[in-house]
Engineer: 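Supplied in structure tokens, the structure appears directly below.
The chain is numbered in sequence order, starting from 1. Remember, it's 1-based here, ligands and their atoms both numbered in the order they're listed.
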Amino acid sequence: MRVQLLPSTFDGSRASLRQHLTCFVIDDSVAIDAGSLAMSASREQQSAIRDIVVTHAHLDHIAGLPLFIDDLFSSLTEPVTVHATRPVIETLERDIFNWSVYPRFSELSNSNGPVLRYETFGQAEEFTVKHLTFRAVEVNHRVPSSGFIISDTKSTIAMSGDTSGTDGFWNLINSADQISAILLECAFPDELNELADVSHHLTPKRMVVELEKCERDCPVFVVNLKPMYRDEIVEQIRQMKLKHVEILEVGKVYNW
Ligand SMILES: [Zn+2]
């Protein structure tokens, strides 16, 4: 399974490590979240991606979604399918695709047919997107949010999405047949523990508490570092000398 975290900021023409927006692309064909999808997907990815699985409706995870559909509007030969829970779809329709912020693409068609459709999944459900099998689990964020275990025929990875302390995600990981990699969020440095608490995110210390729930020996890649605190978070994680834990590299293609 090829997994890439798309960049969201640039220094000149070079991708920067500062990650304002979240969008993972699997096998160049399925997106998890769409934060930087319109801005950073390659031409090949743009023409192949027609399925987007959304963890939750916060802006940094969906900012590129309206723009992505807008860009492709006249060329789509099949609709873009957004896979999300019912509350996330309701938020997208009410607050984004509401004719005020952006057109309601779910009511629009081009000459080939509809341009946007929704597929609903429930928490604890298994569903298929292209060649991938997803198992969703509710995580602990300020809004309805999902983590996932994602499998192809060879490997399985886990993605926490945005979350604070949670048991369900780890129970799912511990009960899976095999896990090749875990992508775990860590948004704030330790001194912003209070902010992490009210916004339902992790800090390095909180992350360690979470990792104690993990019965797997696989690598853990830290994601969702708030760009203003990135250096601090990285340093705090380094000082902890945690086995198997590293920071996911923005833009790099991982093969698991
Ligand atoms: Zn969030």
Engineer: Counting distance only, does the side-chain N/O of Ser8 pair as donor-acceptor with the main-chain N or O of His20 below 3.5 Å?
Structural biologist: yes
Engineer: Indicate every side-chain donor-acceptor pair of residues 22-34 with a distance under 3.5 Å to a residue at least two apart or in another chain.
Structural biologist:
unit_1	atom_1	unit_2	atom_2	d
Asp27	OD1	Arg2	N	2.7
Asp27	OD2	His131	NE2	2.6
Asp28	OD1	Gln45	NE2	3.0
Asp28	OD2	Arg2	NH2	3.0
Ser29	OG	Asp27	O	3.2
Asp33	OD1	Thr55	N	2.8
Asp33	OD1	Thr55	OG1	3.1
Asp33	OD2	Thr55	OG1	2.8
Asp33	OD2	His61	ND1	2.7

Engineer: Between Phe105 and Phe68, is the ring centre distance below 6.0 Å?
Structural biologist: no
Engineer: Pair Phe97, Tyr118 - check ring-ring contact (aromatic ring centres under 6.0 Å, His included), show working.
Structural biologist: CA-CA 13 Å; Phe97 298 116; Tyr118 294 105; 7.2 Å; no
Engineer: Can you list the residues that meet the salt bridge (charged side-chain N to carboxylate O under 4.0 Å, His left out) rule with Asp167, with sequence neighbours excluded?
Structural biologist: Lys213
Engineer: Residues two or more places apart in sequence or in another chain: which of them pass ring-ring contact (aromatic ring centres under 6.0 Å, His included) with Trp256?
Structural biologist: Phe221, Tyr254
Engineer: Number of protein N/O/S atoms less than 2.8 Å from the Zn ion (ligand 1)?
Structural biologist: 4
